[in-house]
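Single-structure report; data block below.
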Amino acid sequence: MENKNREPLILEPVIKENVWGGSRLVTEFHYRESGEGLGECWGISAHPHGDCRIAEGQYKGKTLSELYREHRELFGNLKNPEFPLLVKIIDAKEKLSIQVHPDDAYARIHENGSLGKTECWYVMDCPEGAELVIGHNAKTRQELADLVHAGKYEELIRRIPVRKGDFVQIVPGTIHAITEGLLILETQQSSDITYRVYDYGRLVDGKPRQIHVEQSIEVTNVPDESVEKGLVHAQGLSENELHELVSCDFYRVWKLNVNGQCEIGQDYPFLNLSVIEGEGSLNGRKIRRGDHMILPAGYGRMSFQGNMECILSTAVEKQD
Ligand code: ZN
């Protein structure tokens with residue numbers, strides 16, 4: 001079968017405006033000439049709310065969802081009906097609302113057959129002393145409901161200190177929020193189902209955003225084990241090899257620090273690759289911070305050169 005030397009699928013990111021977004025996607029990346037209030041770069045996405053186009057090569061102009069439908073062989077003939085992952089860079093100038101996501105089973109019943117959402121964050125940058133909201137302190141569901149109904153969110157939520165290079169897996173049912181000043185690479189199931197737990201009493205366009213009180217109480221995991229199970233300190237990893245950050249039912253995610261030169265096999269149905277720091281080349285093609293691409297099935301060996309940090313991921317095939 002002729003599947004050697006398949007070209008990388010270079011993606012055109014979709015940039016999103018958000019009330020909490022900043023300008024780092026303009027000042028630190030090559031996405032836009034100007035702009036404010038830009039919160040998210042959907043770097044690898046086939047989601048209907050932001051379907052990336054292929055930027056060059058024989059599939060130039062096609063959306064990722066089209067390519068996934070028409071050329072499943074590029075994705076190792078993965079059985080999942082939709083391209084299952086979404087990779088974003090998030091610039092939180094302001095803190096985001098505190099939220100929780102349902103799992104597949106709950107979303108299927110209550111959200112029109114949608115997928116649930118498992119996600120993970122790699123902290124690309126953060127201020128000194130930064131804390132993320134991950135998990136909660138309630139011991140029982142009754143205590144959770146009591147704290148929510150009484151509006152005692154500061155008692156409820158758990159804050160954990162983080163620094164650049166930390167990685168957090170957020171399973172469905174985990175209360176979580178990105179805080180101000182963080183720059184994050186998020187890898188997630190391709191889903192948008194979010195229940196807002198608390199928005200710090202903020203007004204957007206003069207009114208508070210909707211809070212999903214009952215859904216939040218229903219889907220939140222009690223007791224909470226998120227921090228014990230989900231946090232990885234990924235600083236100081238050895239260079240020129242893949243380091244697995246997480247492996248779950250939906251995806252595997254790796255960090256790669258290239259220094260000089262290395263060769264790694266592309267042995268997966270496909271590999272998402274985002275360059276989060278530095279620059280270099282992949283099989284002779286220049287790549288740099290902020291580039292997002294998919295290395296298809298049959299891509300062969302990946303020969304990296306340069307000085308850069310990358311996050312890679314692949315999907316775990318849906319079993320039915
Ligand atoms: Zn989330």
Side-chain angles (χ1 to χ4, degrees), residues 14 16-21 39-45 47-50 84-107 110-111 114-124 126 130-136 144 148 153 156-160 162 166-200 202 204 209-213 215-221 224-227 229-232 245-246 248-251 253 272 274 311 313:
V14 175
K16 297 276 187 177
E17 294 182 11
N18 306 82
V19 287
W20 43 261
E40 299 186 330
C41 162
W42 291 23
I44 302 174
S45 165
H47 193 280
H49 297 165
L85 300 181
L86 205 170
V87 177
K88 300 173 178 174
I89 292 175
I90 298 174
D91 169 24
K93 185 180 174 195
E94 314 283 344
K95 55 195 171 194
L96 278 69
S97 59
I98 297 174
Q99 44 185 256
V100 63
H101 306 298
D103 60 14
D104 283 355
Y106 189 93
H110 298 277
E111 301 290 347
S114 175
L115 292 178
K117 188 168 166 189
T118 298
E119 66 189 57
C120 60
W121 298 339
Y122 181 87
V123 179
M124 293 172 64
C126 67
E131 292 180 319
L132 285 170
V133 174
I134 311 277
H136 65 84
L144 170 73
V148 168
Y153 294 100
L156 174 67
I157 61 172
R158 198 181 284 180
R159 292 173 186 275
I160 59 157
V162 289
D166 279 345
F167 174 85
V168 195
Q169 167 81 337
I170 298 172
V171 299
T174 303
I175 290 178
H176 61 280
I178 297 176
T179 49
E180 59 268 45
L182 270 83
L183 188 68
I184 278 183
L185 186 291
E186 178 177 84
T187 305
Q188 57 160 100
Q189 281 183 276
S190 186
S191 160
D192 240 2
I193 305 293
T194 293
Y195 299 134
R196 193 173 286 125
V197 179
Y198 178 54
D199 201 22
Y200 305 97
R202 282 188 293 201
V204 175
R209 294 192 284 182
Q210 191 189 0
I211 301 292
H212 306 93
V213 176
Q215 292 100 323
S216 299
I217 293 170
E218 251 176 59
V219 306
T220 296
N221 299 332
D224 186 278
E225 298 179 319
S226 52
V227 175
K229 290 188 174 169
L231 187 62
V232 175
L245 299 176
V246 73
C248 68
D249 289 347
F250 306 102
Y251 48 70
V253 177
N272 297 323
S274 300
I311 298 288
S313 57

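Whatever order the structure lists them in is the order used to number ligands and atoms, beginning at 1. Predicted model only: the values in this text are computed from it and were never measured.
Here salt bridge (charged side-chain N to carboxylate O under 4.0 Å, His left out) pairs that include residues 166-195, with residues two or more places apart or in two chains, are K88-E186.
For the Zn ion (ligand 1), the neighbouring protein N/O/S atoms at less than 2.8 Å, given as residue and atom, are H101 NE2, E119 OE1, E119 OE2, H176 NE2.
Rounded to the nearest 0.5 angstrom, R209 CZ and D199 CG are separated by 4.5 Å. The structure places CD1 of I89 at 9.5 Å from CD1 of I44, a figure rounded to the nearest 0.5 Å. The structure places CD of E218 at 8.5 Å from OH of Y195, a figure rounded to the nearest 0.5 Å.
There is a side-chain donor-acceptor pair under 3.5 Å between H101 and E119.
Between Q188 and L86, some side-chain heavy-atom pair lies under the 4.5 Å cut-off.
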